[in-house]
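See below for the structure under consideration.
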Amino acid sequence: MFKAPRGTSDILPQEKAYWKYIEEKAVYLCQLYGYQPLNTPVFEDYQLFAHIAPDGADIIKEMYVFEDRSGQKLALTAEGTAPICRAYLEHGLFNLPQPVKLYYIIPAFRYERPQAGRYRQHHQLGCEAIGDADPVLDAEVIELMYRFLSSLGLSELLIEINSIGCRQCQPGYVEALKKYYSTYRDRLCPDCKVRLARNPLRLLDCKEVSCQEIITGAPKITDYLCSECQTHFQSVQKYLTELGISYQLNHKLVRGLDYYTRTVFEVKPEGKGVQIALGGGGRYDNLIEELGGKPTPAVGFAAGIERIIIALKNQNVIVPTLPKPVAYVACLGTQAKLEATKLVSRLRHQGIAAIQATGDKSLKSQLRQANSLDVKYTVIIGEKEVANETAVLRDMSSGEQKTVPFNEIASLLEKR
RNA sequence: GUGGGCGUAGCCCAGUGGUUAAGGCGCCAGGUUGUGGCCCUGGAGAUCGUGGGUUCAAAUCCCACCGCUCACCCCA
């Protein structure tokens with residue numbers, strides 16, 4: 001038997017209720033904040049993603065890479081920001097009034113070992129504000145992300161923010177960090193030894209107990225920010241405070257992707273359950289330039305839909321059920337079936353969701369099915385009804401029935 | 001990539017060496033004329049993850065593989 005590939009899953013109708021709920025909220029809020037939808041393809045030129053992280057980085061190694069028949073090297077979309085920036089450049093969106101504000105809901109693919117909240121195919125809702133360095137946008141994006149999650153009914157959300165500086169000031173900090181760490185070299189965990197050489201900022205993110213002590217004494221990046229970055233970061237915080245968004249500074253928060261500059265942030269649920277980030281993001285003022293555009297500041301976030309669903313379930317948030325059919329049309333006999341077929345078609349033409357009984361079931365079993373479909377009404381057409389051109393209309397919750405002419409059924413149901 | 005836990009029907013699961021693998025949910029049918037939900041009765045549905053080994057005998061013990069799951073790593 002075939003199975004869905006590892007780390008992927010089918011989204012069954014019941015689960016789809018969560019998706020619909022989340023997507024509708026996302027679309028509503030994004031347009032409310034002035035973000036417009038933009039969809040990028042499921043695969044891209046492999047090189048596009050080379051800019052999001054250094055060569056040996058996990059996210060690069062985890063990409064689904066393949067060649068098409070022409071020999072072009074492609075990759076399944078690993079994250080949303082680089083493709084959006086590609087589209088921004090490709091379609092000359094820099095000619096629009098800046099910032100250009102875009103959102104997307106896309107699948108993302110990474111070849112990882114699956115676990116709770118981590119899949120080989122997952123879906124991200126992302127928002128990007130491109131073309132403006134104003135710290136008010138950093139705050140807007142954080143507010144939008146927070147509002148999105150809390151309006152879904154999630155509570156106990158913790159926002160953490162940090163600034164990781166810019167091309168001017170970050171190298172100085174990295175040097176200081178390296179210098180500090182070099183004195184502890186032999187006490188580091190194996191992962192951190194690699195980090196020290198490859199991506200020193202990530203040293204701060206280590207969860208190994210033995211490394212915690214070292215992290216505690218490490219220099220803080222916020223002490224090394226240039227005055228511009230410092231001002232920017234302070235403004236972001238001021239705006240957040242004014243907006244009533246509570247946040248926590250976390251000078252150890254660095255984020256994995258290479259393109260981030262200045263503001264970085266994450267949201268995760270506090271309390272019980274898995275403590276995974278539901279979303280995160282930050283400013284990426286260098287990415288567009290690296291992709292071949294003019295220097296263009298930008299800021300954005302991405303949230304993981306599957307993780308949000310996990311959090312909704314953890315917090316027992318009730319989501320609306322998917323719409324149910326209104327009417328079930330039961331019939332007895334060949335003539336009646338013909339009339340039922342026509343009636344169902346007519347109901348559907350009028351926008352009334354209707355289900356026709358199929359097969360040759362007893363009335364009892366037809367009603368059982370109607371019951372389990374949770375319809376409001378069952379229409380019953382038997383031989384008597386065919387002769388009189390009527391049907392029995394049964395209200396499924398009260399059990400009340402009345403006989404009505406064929407041509408009145410649709411309008412009768414429409415009114416209710 | 002590293003480490004733990006687990007694989008018995010669509011789902012939840014009992015069964016730790018010995019006759020036709022038990023139960024619940026769900027599904028299907030019936031409980032006298034053409035009426036659902038509750039109840040009752042019956043039925044269908046299982047290569048006991050796969051392959052090998054031990055044994056007179058394996059769902060049960062051993063090994064390998066595969067899969068699921070959780071944690072680490074990393075990330076949404």
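In this text the structure is predicted, and so the values were computed from the model without any measurement.
Under 4.0 angstrom from either OP1 or OP2 of B:rA71 there lies at least one side-chain N or O belonging to A:Q115.
Closest approach to the A:K361 side chain among B:rC74, B:rA29, B:rG34 is made by B:rA29 (side chain taken as heavy atoms from C-beta onward). Side-chain proximity of A:R118 to the nucleotides B:rG34, B:rC72, B:rG36 is greatest for B:rC72.
Nucleic acid contact class of A:S362 (heavy atoms, under 4.0 Å, all strands): sugar-phosphate only. Nucleic acid contact class of A:G126 (heavy atoms, under 4.0 Å, all strands): none.
Salt-bridge check for A:R394 with A:E400: failed, with every basic side-chain N at 4.0 Å or more from each acidic carboxylate O. Ion pairing between A:E23 and A:K20 fails under the 4.0 Å rule for side-chain N and carboxylate O. Checked for salt-bridge contact, A:R167 and A:E289 meet the test: a charged N lies under 4.0 Å from a carboxylate O. For the pair A:E175 and A:K179, the salt-bridge criterion is not met [side-chain N within less than 4.0 Å of a carboxylate O]. A salt bridge links A:K313 with A:E15: the closest approach of a Lys/Arg side-chain nitrogen to an acidic carboxylate oxygen falls below 4.0 angstrom. Using a 4.0 Å cut-off between a side-chain N of Lys or Arg and a carboxylate O of Asp or Glu, A:E266 and A:R255 qualify as a salt bridge. With respect to the salt-bridge test (charged N to carboxylate O, under 4.0 angstrom), the residues A:E143 and A:R147 do not qualify.
Between the A:D45 side chain and the A:L74 main chain, no donor and acceptor come within less than 3.5 Å of each other. Side chain of A:D138 to backbone of A:G282: no donor-acceptor contact under 3.5 angstrom is found.
If you check B:rU32 for Watson-Crick or wobble pairing at under 3.5 angstrom, you find it has no partner at all. The base-pairing partner of B:rG43, taking Watson-Crick or G-U wobble contacts with both distances under 3.5 Å, is B:rC27. Across all strands shown, B:rG7 pairs with B:rC66; the Watson-Crick or G-U wobble distances both stay below 3.5 Å. When both distances must be under 3.5 Å, the Watson-Crick or G-U wobble mate of B:rC72 is B:rG1.
To the nearest whole angstrom, the two C1' atoms, one in B:rC11 and one in B:rC63, are 32 Å apart.
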Open item on the list: I need a per-nucleotide contact map over nucleotides 3-8 of chain B, read 5' to 3'. Cutoff is protein heavy atoms under 4.0 Å; write B for the base, S for backbone only, - otherwise.
Closed with: B-----

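No hydrogens or angles considered: nothing links the side chains of A:R195 and A:Y181 as a donor-acceptor pair under 3.5 Å. Side chains of A:E140 and A:Y35: a donor on one and an acceptor on the other come within 3.5 Å.
Straight-line distance from the NZ atom of A:K384 to the P atom of B:rU35: 10 Å, rounded to whole Å. Atom pair A:K252:NZ and B:rC74:C1' shows a separation of 18 Å (rounding to whole Å applied).
Taking only distance into account, the side chain of A:E385 meets the base of B:rG34 through a donor-acceptor pair shorter than 3.5 Å.
Annotation: proximity of residues 363-371 of chain A to RNA chain B (heavy atom, distance under 4.0 Å) is found for A:L363, A:K364, A:S365, A:L367, A:R368, A:N371, numbered in ascending order. Only A:K3, A:R6, listed by number, bring a heavy atom of residues 3-23 of chain A to less than 4.0 angstrom from any atom of RNA chain B.
Looking at A:I59 and A:F49, their side chains never come closer than 4.5 Å, going by heavy atoms from C-beta outward.
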Output a table of nitrogen or oxygen pairs between the protein and nucleotides 45-48 of chain B separated by less than 3.5 Å.
none

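Residues meeting the side chain to side chain contact (heavy atoms under 4.5 Å, CB included) test with A:I318, sequence neighbours left out: none. Here A:E128 pairs with A:T81, A:I84, A:Y104, A:I130, A:Y284 under the side chain to side chain contact (heavy atoms under 4.5 Å, CB included) rule; sequence neighbours left out.
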